[in-house]
Amino acid sequence: YLHKGKLMGTECKKCGEIYFPPRADCLKCMDDSFEWIEFSGKGTLNSFTTIHAAPKGFDDIAPYTIGIVDLKEGGRLLAWIGDIPKDKIKNDMFVKVVPRIFEEIPEIKLYYTIEKP
């Protein structure tokens, strides 16, 4: 979730569990009282792959590399690899997720890129 250019998640007011992406109910205690918290975007690259046979709508930008990031505050997200050369991408490397607005493709409003911290 993006609010005023900041990466946002939720924290359960009852037990303190933190979620990204944001949730409306807590998986740990089943409470529904949450508050918004800002995430730093810092994390660790859990896994990555290069897409050569892209799904419809993305075929004109293939090949592209995507990765799964374990965020420092908790939670995971999927993002495009940004400014990191392909030969330098490694699992467990420290990265920063940068939220971006995609104005060229109306179907995609928000996306994330993985950058060097």
Side-chain angles (χ1 to χ4, degrees):
Y1 181 75
L2 185 66
H3 179 70
K4 296 184 180 181
K6 298 178 181 181
L7 188 64
M8 303 296 288
T10 51
E11 180 176 8
C12 177
K13 289 183 178 180
K14 184 174 180 184
C15 73
E17 195 74 11
I18 294 174
Y19 293 99
F20 188 91
R23 291 193 53 89
D25 56 344
C26 182
L27 292 174
K28 186 175 180 182
C29 71
M30 301 306 291
D31 198 69
D32 64 355
S33 59
F34 280 86
E35 64 182 349
W36 290 101
I37 59 169
E38 184 179 344
F39 278 58
S40 67
K42 295 178 182 176
T44 307
L45 187 63
N46 178 290
S47 181
F48 65 95
T49 189
T50 299
I51 307 294
H52 293 279
K56 183 179 178 182
F58 295 91
D59 45 352
D60 60 332
I61 60 172
Y64 55 91
T65 304
I66 58 174
I68 297 173
V69 176
D70 291 326
L71 296 168
K72 181 177 101 174
E73 294 85 357
R76 281 187 171 161
L77 64 76
L78 179 70
W80 276 305
I81 302 287
D83 67 351
I84 305 168
K86 288 185 184 187
D87 63 334
K88 303 289 184 199
I89 302 170
K90 306 230 181 306
N91 286 337
D92 299 321
M93 69 185 292
F94 294 106
V95 295
K96 181 168 177 77
V97 175
V98 179
R100 303 193 185 276
I101 302 296
F102 214 161
E103 306 209 7
E104 296 82 23
I105 302 176
E107 293 82 17
I108 303 173
K109 303 294 182 202
L110 172 66
Y111 71 102
Y112 304 97
T113 59
I114 300 169
E115 314 283 339
K116 296 177 188 175

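All heavy atoms count here, side chains included; hydrogens, waters and symmetry mates do not.
- Each of Leu71, Ile68, Asp70 was evaluated against Leu77; a single residue qualifies, Leu71, per the side-chain contact (heavy atoms from CB on, under 4.5 Å) test.
- Here the closest non-hydrogen pair linking His52 and Ala62 is O-CB, 3.6 Å.
- Under the 4.5 Å side-chain heavy-atom criterion for grouping Ile, Leu, Val, Met, Phe, Trp and Tyr, Phe34 is connected to Leu27 within one hydrophobic cluster.
- In plain terms, the two heavy atoms of Glu115 and Val98 that are nearest each other are CG-CG2, 3.5 Å.
- Summarising the geometry of Lys86 relative to Thr65, their closest heavy-atom pair is CE-OG1, 3.6 Å, with the distance given to 0.1 Å.
- Here CD1 of Ile37 is found 8.0 Å from CE of Met8. Values are rounded to the nearest 0.5 Å.
- Judged by distance alone, the side chain of Tyr112 and the main-chain N or O of Gly41 form no donor-acceptor pair under 3.5 Å.
- In the hydrophobic cluster analysis, where Ile, Leu, Val, Met, Phe, Trp and Tyr join through side-chain heavy atoms closer than 4.5 angstrom, Tyr19 is grouped apart from Phe39.
- Other residues, nucleotides and ligands place no more than 12 heavy atoms under 6.0 Å from the NZ atom of Lys88.
- A distance of 13.5 Å separates CE in Met93 from CG in Asn46, rounded to the nearest 0.5 Å.
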Working for side chain to side chain contact (heavy atoms under 4.5 Å, CB included), residues Thr10 and Trp36: CA-CA 5 Å; Thr10 51; Trp36 290 101; 3.9 Å; yes

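- The shortest distance between side-chain heavy atoms of Lys116 and Pro85 falls below 4.5 Å.
- Within a 6.0 Å radius of NZ in Lys96, other residues, nucleotides and ligands contribute more than 12 heavy atoms.
- Summarising the geometry, atom CG belonging to Leu7 is positioned 8.5 Å from atom CD belonging to Glu38; distances are rounded to the nearest 0.5 Å.
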For a side chain to side chain contact (heavy atoms under 4.5 Å, CB included) check, start with the C-alpha distance between Val95 and Ile84, then their side-chain angles and the critical distance, and finish with the verdict. CA-CA 10 Å; Val95 295; Ile84 305 168; 4.2 Å; yes

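- How far OG1 of Thr50 is from CD1 of Ile89: 6.5 Å, rounded to the nearest 0.5 Å.
- Sorted by first then second residue, the side-chain hydrogen bond (donor to acceptor under 3.5 Å, both in side chains) pairs that include residues 21-35, not counting sequence neighbours, are Arg23-Asp25, Asp31-Ser33.
- Under the 30°/60° scheme for interplanar angles, the aromatic rings of Phe58 and Tyr64 are found to be tilted.
- The CG atom of Asp83 sits 11.0 Å away from the CD1 atom of Ile114 when rounded to the nearest 0.5 Å.
- Both Ile61 and Ile66 are assigned to one and the same hydrophobic cluster, defined by single-linkage of ILVMFWY side chains at heavy-atom distances under 4.5 Å.
- In this structure, the separation between CG on Asp59 and CD1 on Ile51 is 12.5 Å, given to the nearest 0.5 Å.
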